[in-house]
Each structure stands twice: as structure tokens, then as C-alpha cells.
Amino acid sequence: MRIGFGYDIHRLVEGRRLIIGGVEIPYEKGLEGHSDADVLLHAVCDGLLGALGEGDIGKHFPNADPQFRGISSLKLLNIVASMVGERSLTVENLDTTVIAEKPRIMPYVPQMRTKIAATMNISEGKVNIKATTSEGLGFVGEGKGIVAYAIVLLVP
């Protein structure tokens, strides 16, 4: 049994699409980043890599590498999920939290669960996504960014 924890944060900016959990969410701003800046999938990747003892997403997909410019984070998650399978491990449980003042995330959670489970080749029942706000406090509360946390349990 192996446990990993992931965290990510991205700034909201104009002129970008907002993609969270592999789902495009209609909003006037998107997340800034080298890839599609999917804050939730980046946290999930970091959690998986942590459970494997393989560092973090920046080690495997550096933002200075042009091959990852604009890449879908679903592709990154697929690569990391393959690493889990190569070690004869499987995801027993994935629990995540997205913190955003706006837009509302909950209406998109079922689609996110479906995309994440399909990408990782696990059942949707093993994927949990919670959404909350920061009650108007700090960077996120001011609507300047979005944060995501993930914890994952891997078993043989």
C-alpha cells in the first residue's frame, strides 16, 4: 500500500480556456500555465507520482520543454497512470478538493469523475471530487486563482 499527496495552484487570467478535471468550464478567465493548466489533474498527477516515490509533475513534464506546451493534462495523467500500472499497482481511492471562488465547480464534477476514471482505467467509484470556496479569503477568495489537492491510495 502506498499513499501520495498532490497540490497545485494556478492564476486565473483572461484569454485562456478554463479546464478543470479534463472538462472545459465556461468562464471569462482560464488558468495560466505551460500546458492546459488543469489544476485538478496536476494535483492528481503529483499525488500519484508521490505515491510512486517519483518526484513531481515538474520533474516528468518540465514547463521549459516545448513538447508539453498547451498539452492536455489528460495526456499527462494517462502517462502517470501507466507508470502506476507498470509497477503492478492500482488506484484504490482518489480523493480531491478544488477550491475556487468562481465559477461554480460542482455542476461539472460528474463529467470530471468520468474523464479521470476513464483516463486512469479505474471505476468512477474510486474517484471523489469535492468543490469548495475560500470564503472570500486570500488569493483564491479574491478570484485570482484556483487551488486543488489530491490524495491517492495505491495497492498491489
*With sequence neighbours excluded, give me every salt bridge (charged side-chain N to carboxylate O under 4.0 Å, His left out) pair touching residues 135-146.*
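Salt bridge (charged side-chain N to carboxylate O under 4.0 Å, His left out) check on residues 135-146 returns E142-K144.
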*Among residues two or more places apart or on two chains, list those pairs meeting salt bridge (charged side-chain N to carboxylate O under 4.0 Å, His left out) that have a residue in residues 99-111.*
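Output for this query is empty, none listed.
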*Hydrophobic cluster partners of Y149 (side-chain heavy atoms under 4.5 Å)*: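 In the cluster with Y149 are F5, Y7, I9, I99, F139, V140, V147.
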Do [X] and [Y] have side-chain heavy atoms sitting under 4.5 Å apart?
{"X": "L18", "Y": "I146", "answer": "yes"}
{"X": "K126", "Y": "M120", "answer": "no"}
{"X": "F61", "Y": "V80", "answer": "yes"}
{"X": "L89", "Y": "L52", "answer": "yes"}
{"X": "R16", "Y": "H10", "answer": "no"}
{"X": "V152", "Y": "V44", "answer": "no"}
{"X": "V91", "Y": "L48", "answer": "yes"}
{"X": "N128", "Y": "L94", "answer": "no"}

So how far is it from [X] [atom1] to [Y] [atom2], rounded to the nearest 0.5 Å?
{"X": "L154", "Y": "E92", "atom1": "CG", "atom2": "CD", "value": "10.0 Å"}
{"X": "M106", "Y": "M112", "atom1": "CE", "atom2": "CE", "value": "9.5 Å"}
{"X": "E24", "Y": "I19", "atom1": "CD", "atom2": "CD1", "value": "5.5 Å"}
{"X": "L40", "Y": "T96", "atom1": "CG", "atom2": "OG1", "value": "5.0 Å"}
{"X": "L49", "Y": "H42", "atom1": "CG", "atom2": "NE2", "value": "11.5 Å"}
{"X": "S82", "Y": "N121", "atom1": "OG", "atom2": "CG", "value": "9.5 Å"}

*Between T90 and V84, is a side chain to side chain contact (heavy atoms under 4.5 Å, CB included) present by the stated rule, with each step listed?*
CA-CA 6 Å; T90 188; V84 172; 5.7 Å; no
*Given the rule that I, L, V, M, F, W and Y join up when any side-chain heavy atoms are under 4.5 Å apart, are I151 and I116 in one cluster?*
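Not linked; separate clusters.
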*So if you build clusters from Ile, Leu, Val, Met, Phe, Trp, Tyr with side-chain heavy-atom gaps below 4.5 Å, do V13 and Y27 land together?*
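Different hydrophobic clusters.
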*Do you know which two heavy atoms are closest between C45 and I57, and how far apart they sit?*
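Smallest interatomic distance, heavy atoms only, reads CB-CD1, 3.9 Å.
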*Can you name the nearest heavy-atom pair linking T97 to T132, along with the distance?*
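Heavy-atom minimum between the residues: CG2-CG2, 4.0 Å.
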*Backbone N or O of D56 within a donor-acceptor pair of the D46 side chain at under 3.5 Å?*
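Checking the backbone N and O of D56 against the side chain of D46, no donor-acceptor pair under 3.5 Å is found.
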*asked:* Please check: side-chain N/O of R113 versus main-chain N/O of E124, any donor-acceptor pairing under 3.5 Å?
replied: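 Indeed, once roles are kept as given, a pair shorter than 3.5 Å links the two residues.
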*Between M83 and H60, is a side chain to side chain contact (heavy atoms under 4.5 Å, CB included) present by the stated rule, with each step listed?*
CA-CA 11 Å; M83 294 170 67; H60 295 271; 3.7 Å; yes
_Which residue is it: D38, D36, N78? I am looking for the one with a side chain to side chain donor-acceptor pair (under 3.5 Å) to S73._
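Only one of D38, D36, N78 forms a side chain to side chain donor-acceptor pair (under 3.5 Å) with S73, namely D36.
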*asked:* For a side chain to side chain contact (heavy atoms under 4.5 Å, CB included) check, start with the C-alpha distance between V127 and I122, then their side-chain angles and the critical distance, and finish with the verdict.
replied: CA-CA 8 Å; V127 178; I122 60 174; 3.7 Å; yes
